[in-house]
Undergrad: 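I'd like to ask you about the structure that follows.
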Amino acid sequence: QVQLVESGGGLVQAGGSLRLSCAASGRSFSMYAMGWFRQAPGKEREFVSRINWSGSSTYYADSVKGRFTISRDNAKNTVYLQMDSLKPEDTAVYYCAADRRRGSYFATSGYDLWGQGTQVTVSS
């Protein structure tokens with residue numbers, strides 16, 4: 001059974017950087033598109049970024065475009081989210097998710113496997 005485990009969250013000052021990692025167990029990781037979502041207190045979980053199985057196609061929410069970079073290393077069963085120029089409004093729990101059924105790219109319903117999340121806090 002595939003499981004996803006996020007790491008790399010923490011506290012950073014505005015303008016700083018963090019790199020999140022999402023490690024997947026299981027042999028089929030390279031077959032799945034992967035996404036990152038985030039959820040701030042009192043808000044709904046929202047799309048951040050997505051990468052296809054090979055890494056050749058990536059998508060970003062407008063709010064993070066130009067600041068965040070998604071990538072993957074299929075040999076390591078890991079997907080990354082490099083976050084630069086962080087802002088206080090980026091503060092949230094960040095979740096990685098797997099799309100094993102070719103679902104919607106930008107909705108939570110399009111992903112059927114989720115990690116436990118990692119907290120990112122950006123201070124002003």
Undergrad: Name all residues meeting the side-chain hydrogen bond (donor to acceptor under 3.5 Å, both in side chains) criterion together with Q82; count only those two or more places apart in sequence or in a different chain, and write none if there are none.
TA: D84
Undergrad: Do V79 and W36 make a side-chain contact, defined as non-hydrogen atoms from C-beta onward lying under 4.5 Å apart?
TA: yes
Undergrad: Disulfide bond (SG atoms under 2.5 Å apart): which pairs involve residues 34-77, sequence neighbours left out?
TA: none
Undergrad: Residues in side chain to side chain contact (heavy atoms under 4.5 Å, CB included) with S54, at least two apart?
TA: N52, S56
Undergrad: Return yes if some donor-acceptor pair links the side-chain N/O of T78 with the main-chain N/O of A23 below 3.5 Å, else return no.
TA: no
Undergrad: Among residues at least two apart in sequence or on other chains, which ones pass side-chain hydrogen bond (donor to acceptor under 3.5 Å, both in side chains) with D73?
TA: none
Undergrad: Do K87 and R67 have side chains that get closer than 4.5 Å, going by heavy atoms?
TA: yes
Undergrad: Who are the side chain to side chain contact (heavy atoms under 4.5 Å, CB included) partners of A33, not counting sequence neighbours?
TA: R50, D99
Undergrad: What disulfide bond (SG atoms under 2.5 Å apart) pairs are there with at least one residue in residues 70-124, not counting sequence neighbours?
TA: C22-C96
Undergrad: Check whether F29 forms a cation-pi arrangement with R72 (NZ or CZ under 6.0 Å from the six-membered ring centre, at most 45° off the ring normal).
TA: yes
Undergrad: Side-chain contact test, heavy atoms from C-beta onward, threshold under 4.5 Å: evaluate it for V48 versus L81 and give yes or no.
TA: yes
Undergrad: Given the rule that I, L, V, M, F, W and Y join up when any side-chain heavy atoms are under 4.5 Å apart, are F47 and L86 in one cluster?
TA: no
Undergrad: Please indicate whether W114 has more than 12 foreign heavy atoms, meaning atoms of other residues, nucleotides or ligands, lying under 6.0 Å from its CH2.
TA: yes
Undergrad: Mind checking ring-ring contact (aromatic ring centres under 6.0 Å, His included) for Y111 and listing every partner two or more places apart, or none if nothing turns up?
TA: F37
Undergrad: What pairs with Q119 under side chain to side chain contact (heavy atoms under 4.5 Å, CB included), at least two apart in sequence or on another chain?
TA: T91, V93, T121
Undergrad: Could you walk me through whether V5 and Q116 satisfy the side chain to side chain contact (heavy atoms under 4.5 Å, CB included) test, starting with their C-alpha distance in whole Å, then the side-chain angles of each, then the deciding distance to 0.1 Å, before giving a yes or no?
TA: CA-CA 7 Å; V5 179; Q116 84 289 349; 4.2 Å; yes
Undergrad: Donor-acceptor pair, distance only, cut-off 3.5 Å: does the side chain of S104 make one with the backbone of G110?
TA: no
Undergrad: So, S30 side chain and N74 main chain: donor-acceptor pair closer than 3.5 Å or not?
TA: no
Undergrad: Does K65 have any salt bridge (Lys or Arg N to Asp or Glu O under 4.0 Å) partners at least two apart in sequence or in another chain, and if so, which?
TA: D62
Undergrad: Sequence neighbours excluded, which residues qualify as salt bridge (Lys or Arg N to Asp or Glu O under 4.0 Å) partners of R19?
TA: none
Undergrad: Could you note down all residue pairs passing ring-ring contact (aromatic ring centres under 6.0 Å, His included) where residues 68-94 supplies at least one of them, sequence neighbours left out?
TA: none
Undergrad: Does E46 have any salt bridge (Lys or Arg N to Asp or Glu O under 4.0 Å) partners at least two apart in sequence or in another chain, and if so, which?
TA: R38
